[in-house]
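Encoded as C-alpha cells, the structure appears first; notes follow it.
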Amino acid sequence: MGDIDPAFVQEEEHRPKLSIIEAQGIPEIDLSPLFHHQVPNPSAIDALVKEIGSACKEWGFFQVTNHGVPQSLRQKLEEASRLFFAQSLEEKRKVARDAINPSGYYDTEHTKNVRDWKEVFDFISHDPTLIPLSSDENDDRVTQWTNPSPQYPPQFRAIIEEYIQEVEKLAYRLLELIALSLGLEAKRFEEFFKDQTSFIRFNHYPPCPYPHLALGVGRHKDAGALTILAQDEVGGLEVKRKSDQEWVLVKPTPDAYIINVGDIIQVWSNDTYESVEHRVMVNSARERFSIPFFFFPAHYTEVKPLEELTNEENPPKYRPYNWGKFLVNRKGSNFAKKKVENIQIYHYKIA
Ligand code: OGA
Ligand code: NI
C-alpha cells in the first residue's frame, strides 16, 4: 500500500496517542431495578436516578447493563452487519445513500472536514420520516426520508426493525431517568419524540495501516438527545474526560451499551449536562464494528432550554432552534467535504 490519501490525515493536534489511558473509565450502571415488576422499589429507582445524574454531570457518558434489550437479538444484528459489510463495494453501493435521502451505504463521511476511516449503513427508525426539504429557514416545505431494502443478508431489514423496537424502549427508559435526575416529571421529554427522526447506524472500521494519522471518526459531539451504542470487543472509542480533558478509552464490556448525552439534552438542561466530545481510533491489525442508535426528536421540535430549568439567576443560555433544519444542515455537510465548519449548538449560544 502506498501513501495515505491526505483526505484522511488529521491535523497534528488531533492525532491519537497510541499509548492509551484506561484508568478511571466511564461509570457502569446496572438498570435491573427498572425490571423488578412485582413490587416497585422506589428507593432503588431513586438511587439509580442519582447515579445517572452524576454520570451525566461528571462524564456525559456511561455504560448500562441489564438494560432489557435481548442479547440474542443484538447478536443477530451484529452478525447481519458483518455479512452486509463483507460484500463487494459494488453490492453495497446498490443501497447507497444520496444527497437527498441520507439512509443507506456510504464510505465518504467527513467529520470536521477530515475523512473518516470507516464505512457506514444508515437506517431511519421510522419509515417514512418527515423532514424539512431544505435547511433554509424560510422554506416551509416538508419531505420524507425512506429506507433502502438491502437484499443481503436475508432478513436484514426485519432484524433491524425488530432491534429498533427494543433499543427504542431503552431510549425512553433512559430519557425518563434523565428527566427525573433533572428534577422534572418522568415523561417530560416524551412528547418531543412522537414523530421522531431517530436513526440507527452500522459502522465498519477496516484495519488501517496509519492509526497514528487517521481516525475512524474524528472528534465530535452527537447532535441528538441520546446515543445508545453497541460496540464489539475490539475497542477504539475514546471519550474526552471532563475532569482533565484527557482522551480515555472506553473498554468494551460484553453486552453493555454505551450511552451519551447529546447536544439537545445539553440545551434542554441549559448546560447542566454537557454533550461530550468523543472519537474513534483505528488499529492496523483488526477491523471493528459498532452500532449506534441516535435518538432524535420530531423535525418540528423547537430546541431550547426548558422553562422549569431557567429563571432570573439562570437565564436561558441558548436561542431556540428548529431541530429539522439543524439536522438537514448537518446531513448535507457530512456528505461532502466543505471548507467551513458544520452547524453546531454554540452558534445558538447567547453571549
Ligand atoms: C458516532 C460515534 C462511536 C463508535 O458514530 O457518532 O461516535 O464507537 N461512534 O463507533
Ligand atoms: Ni458520536
Side-chain angles (χ1 to χ4, degrees), residues 10 14 16 20 22 25-26 59-64 74 77-78 81-82 84-85 97 102-112 114-125 167 171 197-208 211 214-241 247-266 273-283 286-296 326-327 330-331 333-335 342-345:
Q10 298 284 330
H14 299 307
I20 290 158
E22 254 188 54
I26 63 173
W59 284 87
F61 263 87
F62 51 96
Q63 304 213 53
V64 293
R74 171 161 163 183
L77 188 77
E78 288 174 341
S81 165
R82 285 172 185 270
F84 174 80
F85 285 116
R97 76 166 274 191
S103 292
Y105 173 81
Y106 72 124
D107 61 359
T108 54
E109 184 160 76
H110 291 74
T111 303
K112 312 256 187 241
V114 181
R115 189 165 164 195
D116 295 330
W117 195 277
K118 69 174 181 195
E119 51 180 347
V120 311
F121 179 70
D122 285 349
F123 197 92
I124 46 169
S125 69
V167 84
T197 54
S198 306
F199 75 102
I200 188 168
R201 164 167 287 181
F202 297 85
N203 283 311
H204 174 220
Y205 304 98
C208 172
L215 288 167
V217 187
R219 71 195 195 287
H220 69 283
K221 298 174 178 182
D222 292 348
L226 279 179
T227 305
I228 299 183
L229 175 93
Q231 71 165 339
D232 69 11
E233 72 293 350
V234 174
L237 171 64
E238 290 187 307
V239 172
K240 202 171 210 181
R241 184 162 55 197
W247 288 105
V248 179
L249 186 76
V250 178
K251 255 201 293 190
T253 303
D255 196 40
Y257 284 97
I258 297 156
I259 313 298
N260 63 296
V261 162
D263 291 346
I264 291 178
I265 286 188
Q266 174 166 339
Y273 298 158
E274 283 170 273
S275 172
V276 165
E277 232 174 13
H278 52 285
R279 68 183 186 185
V280 174
M281 292 198 305
V282 275
N283 80 67
R286 298 181 73 183
E287 61 181 345
R288 174 174 180 265
F289 295 85
S290 73
I291 310 175
F293 171 76
F294 296 104
F295 197 38
F296 287 0
F326 189 97
L327 179 59
R330 264 295 171 90
K331 289 279 182 188
S333 62
N334 289 353
F335 192 62
N342 61 10
I343 191 165
Q344 304 286 338
I345 52 165

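Remember, it's 1-based here, ligands and their atoms both numbered in the order they're listed. Throughout, numbering of the chain's residues begins at 1 and tracks the sequence. Remember, predicted model here, so these are calculated numbers, not experimental data.
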**Mode of L229 contact toward ligand 1 - side chain, backbone, both, neither (heavy atoms, under 4.0 Å)** = side chain
**Asked** Q231: heavy atom below 4.0 Å from ligand 1, yes or no?
**Response** no
**Prompt:** Should R201 be counted as touching ligand 1, given the test is an N or O pair under 3.5 Å?
**Reply:** no
**Between F84 and F121, ring centroids under 6.0 Å** = yes
**Asked** Does a side-chain heavy-atom distance below 4.5 Å link R288 with K118?
**Response** no
**Asked** Hey, does H220 have a side-chain heavy atom less than 4.5 Å from the side chain of H278?
**Response** yes
**Message:** Does any part of the side chain of E233, heavy atoms only, come nearer than 4.5 Å to the side chain of R286, both counted from C-beta?
**Reply:** yes
**Message:** Does only the side chain of R279 get under 4.0 Å from ligand 1, or the backbone, or both, or neither? Count heavy atoms.
**Reply:** neither
**Asked** Under a 4.5 Å cut-off applied to non-hydrogen side-chain atoms, are I291 and F293 in contact?
**Response** no
**Asked** D222 heavy atoms, cut-off 4.0 Å: which ligand 1 atoms fall inside?
**Response** 6 (O)
**Beyond-backbone contact of F326 with I343, side-chain heavy atoms, under 4.5 angstrom** = yes
**Asked** Does any non-hydrogen side-chain atom of S198 lie less than 4.5 Å from one of F295?
**Response** yes
**Asked** Is the NZ or CZ atom of K331 positioned over F296's six-membered ring, under 6.0 angstrom from the centre and within 45° of the axis?
**Response** no
**Heavy-atom side-chain proximity of Q231 to V280 below 4.5 angstrom** = no
**Message:** I'd like to know if H220 contacts ligand 1, where contact means a heavy-atom distance under 4.0 Å to any ligand atom.
**Reply:** yes
**Request:** Could you list which atoms of ligand 1 come closer than 4.0 Å to a heavy atom of S290?
**Result:** 4 (C), 8 (O), 10 (O)
**Prompt:** Which ligand 1 atoms does F294 reach within 4.0 Å, using its non-hydrogen atoms?
**Reply:** 1 (C), 5 (O), 6 (O)
**Request:** Tell me which protein heavy atom sits closest to atom 8 (O) of ligand 1, plus the residue, atom name and distance to 0.1 Å.
**Result:** R288 NH2, 2.8 Å
Pairs under 3.5 angstrom only: tabulate donor-acceptor contacts from the side chains of residues 254-261 to other protein residues two or more places apart or in another chain.
residue: Y257; atom: OH; partner: Y163; partner atom: OH; Å: 2.9
residue: N260; atom: ND2; partner: D222; partner atom: OD2; Å: 3.2

**Atoms named by residue and atom, protein N, O or S, within reach of the Ni ion (ligand 2) (under 2.8 Å)** = H220 NE2, D222 OD1, H278 NE2
**Asked** In terms of atom number and element, which parts of ligand 1 are under 4.0 angstrom from non-hydrogen atoms of H278?
**Response** 7 (O)
**Prompt:** Can you tell me the protein heavy atom closest to atom 3 (C) of ligand 1 and the distance?
**Reply:** V280 CG2, 3.5 Å
**Contacting atoms of ligand 1, where contact means under 4.0 angstrom from a heavy atom of N203** = 5 (O), 10 (O)
**Request:** Could you list the atoms of ligand 1 found under 4.0 angstrom from a heavy atom of L237?
**Result:** 3 (C), 8 (O)
**Asked** Can you check side chain to side chain contact (heavy atoms under 4.5 Å, CB included) on R219 and T111, steps first, answer last?
**Response** CA-CA 7 Å; R219 71 195 195 287; T111 303; over 6 Å; no
**Item:** R279 and Q10, any side-chain heavy atoms less than 4.5 Å apart
**Value:** no
**Top protein contact for atom 9 (N) of ligand 1, by heavy-atom distance** = Y205 OH, 3.8 Å
**Request:** May I ask you to check whether F202 and F289 place their ring centers less than 6.0 Å from one another?
**Result:** no
